[in-house]
Amino acid sequence: MFEPGGKNFLPARLATAVARLLATVWVGGMWMVGYIVVPTLFAMLDDRMLAGHIAGRLFSVIACIGFIAAVYLLGFMSVRQGRVVLRNALFWVVAAMLVCVAVGYTLQMEMAAIKAGLGSMDVMENAQRGRFTMLHGVTSVIYLMQSLLGGWLVVGGRWE
């Protein structure tokens with residue numbers, strides 16, 4: 001179906017290139033936002049609420065990129081491999097990353113709702129602090145797991 005020289009060879013190569021590019025943008029974006037940009041925001045901005053607001057937006061953007069990338073990658077692998085895809089570790093890595101995106105994004109929305117309910121008050125100076133801190137810890141662990149899986153996806157994943 002996708003043999004070199006066959007009529008479907010170019011679309012297959014293009015689909016593979018898009019898959020690799022999406023995986024790289026997703027994982028590289030996650031690492032850049034989570035481990036470089038957000039810590040820099042908190043280190044440089046005196047207003048922690050502003051830093052948190054910007055960080056939340058960045059995490060939302062990277063979650064959307066992750067959702068789009070994961071759906072494409074899962075579809076790409078399913079079309080290319082058929083039912084055999086269920087025996088492919090790469091498929092399950094992407095599926096696990098998609099679950100991380102969905103759960104993390106849901107928890108981020110709950111954290112945003114806590115902040116929104118407080119208005120201009122700092123969440124760390126409120127009774128909601130414990131809940132917010134717990135949610136933050138859970139999302140951080142999920143993000144770390146997703147980042148490690150992403151490393152395997154980019155470095156160890158076999159796309160051919």
Side-chain angles (χ1 to χ4, degrees), residues 1-4 8-45 48-115 123 132-160:
M1 180 176 190
F2 295 113
E3 303 86 29
N8 291 324
F9 184 62
L10 185 59
R13 287 185 59 185
L14 180 60
T16 301
V18 169
R20 287 181 176 170
L21 182 61
L22 279 173
T24 303
V25 167
W26 179 18
V27 175
M30 270 182 15
W31 291 347
M32 180 61 76
V33 168
Y35 304 111
I36 297 172
V37 175
V38 168
T40 301
L41 281 171
F42 280 96
M44 294 190 70
L45 293 177
R48 294 186 62 77
M49 286 179 58
L50 176 61
H53 180 73
I54 295 169
R57 284 293 206 127
L58 292 169
F59 284 124
S60 292
V61 168
I62 205 65
C64 290
I65 290 170
F67 180 77
I68 292 165
V71 169
Y72 178 86
L73 293 170
L74 293 171
F76 165 78
M77 289 185 279
S78 296
V79 167
R80 180 164 275 184
Q81 298 173 17
R83 287 185 180 198
V84 177
V85 76
L86 297 176
R87 289 186 253 148
N88 184 341
L90 187 64
F91 177 86
W92 292 108
V93 165
V94 174
M97 289 177 71
L98 178 58
V99 169
C100 288
V101 168
V103 172
Y105 186 76
T106 302
L107 295 177
Q108 285 173 358
M109 296 287 80
E110 189 170 339
M111 290 167 59
I114 290 171
K115 284 192 221 175
V123 72
F132 185 88
T133 302
M134 186 268 306
L135 290 170
H136 188 274
V138 171
T139 58
S140 295
V141 169
I142 291 170
Y143 201 84
L144 176 62
M145 291 183 341
Q146 184 181 347
S147 298
L148 294 172
L149 290 167
W152 189 89
L153 175 68
V154 171
V155 175
R158 296 179 55 114
W159 296 97
E160 301 299 325

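In this chain, residues are counted from 1 in sequence order.
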Approximate separation, where rounding is to 0.5 Å, of [X] [atom1] and [Y] [atom2]:
X: Met134; Y: Leu107; atom1: CE; atom2: CG; answer: 8.0 Å
X: Gln146; Y: Met30; atom1: CD; atom2: CE; answer: 4.0 Å
X: Leu45; Y: Ile54; atom1: CG; atom2: CD1; answer: 5.5 Å
X: Leu73; Y: Ile68; atom1: CG; atom2: CD1; answer: 11.5 Å
X: Arg87; Y: Gln81; atom1: CZ; atom2: CD; answer: 10.0 Å
X: His53; Y: Leu41; atom1: NE2; atom2: CG; answer: 11.5 Å

- prompt: Going through the distances and angles, do Trp31 and Ile36 end up as a side-chain contact (heavy atoms from CB on, under 4.5 Å)?
  reply: CA-CA 7 Å; Trp31 291 347; Ile36 297 172; over 6 Å; no
Please name the pair of heavy atoms, one in [X] and one in [Y], separated by the smallest distance, quoted to 0.1 Å.
X: Ala95; Y: Leu74; value: N-CD2, 3.9 Å
X: Ser60; Y: Tyr105; value: OG-CE1, 3.9 Å
X: Phe42; Y: Ala55; value: CE1-CB, 4.1 Å
X: Gly34; Y: Pro39; value: O-CD, 3.6 Å

task: Compute the ring centroids of Phe59 and Tyr143, then answer whether they are less than 6.0 Å apart.
output: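 Ring centres of Tyr143 and Phe59 closer than 6.0 Å.
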query: Does Leu86 offer a backbone N or O that forms a donor-acceptor pair with the side chain of Trp92 under 3.5 Å?
result: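 Looks like yes, one N/O pair under 3.5 Å.
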message: Checking side-chain polar atoms at under 3.5 Å, does Thr16 have a donor or acceptor matched by the opposite partner on Arg80?
response: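 Note: Thr16 and Arg80 side chains meet the donor-acceptor criterion.
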message: Holding to side chain to side chain donor-acceptor pair (under 3.5 Å), I want the full list of residues that pass it with Thr106, two or more places apart in sequence or in another chain.
response: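 Here no residue qualifies.
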- prompt: Between Tyr35 and Leu144, is a side-chain contact (heavy atoms from CB on, under 4.5 Å) present by the stated rule, with each step listed?
  reply: CA-CA 10 Å; Tyr35 304 111; Leu144 176 62; 3.9 Å; yes
query: Is there side-chain contact between Leu22 and Ile65, with heavy atoms separated by less than 4.5 Å?
result: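 No; the side chains remain at least 4.5 Å from each other.
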task: Could you check if a side-chain atom of Trp26 sits within less than 4.5 angstrom of a side-chain atom of Val101, using non-hydrogen atoms only?
output: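 The answer is yes, as the side chains (C-beta and beyond) meet within the 4.5 Å cut-off.
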Phe67 atom CZ, over 12 foreign heavy atoms within 6.0 Å: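 Counting other residues, nucleotides and ligands, CZ of Phe67 stays at 12 neighbours or fewer.
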- request: Could you please spell out the steps behind the side-chain contact (heavy atoms from CB on, under 4.5 Å) verdict for Leu149 and Val27?
  value: CA-CA 9 Å; Leu149 290 167; Val27 175; over 6 Å; no
query: Stepwise, does the side-chain contact (heavy atoms from CB on, under 4.5 Å) test hold for Ser78 with Arg83?
result: CA-CA 7 Å; Ser78 296; Arg83 287 185 180 198; over 6 Å; no
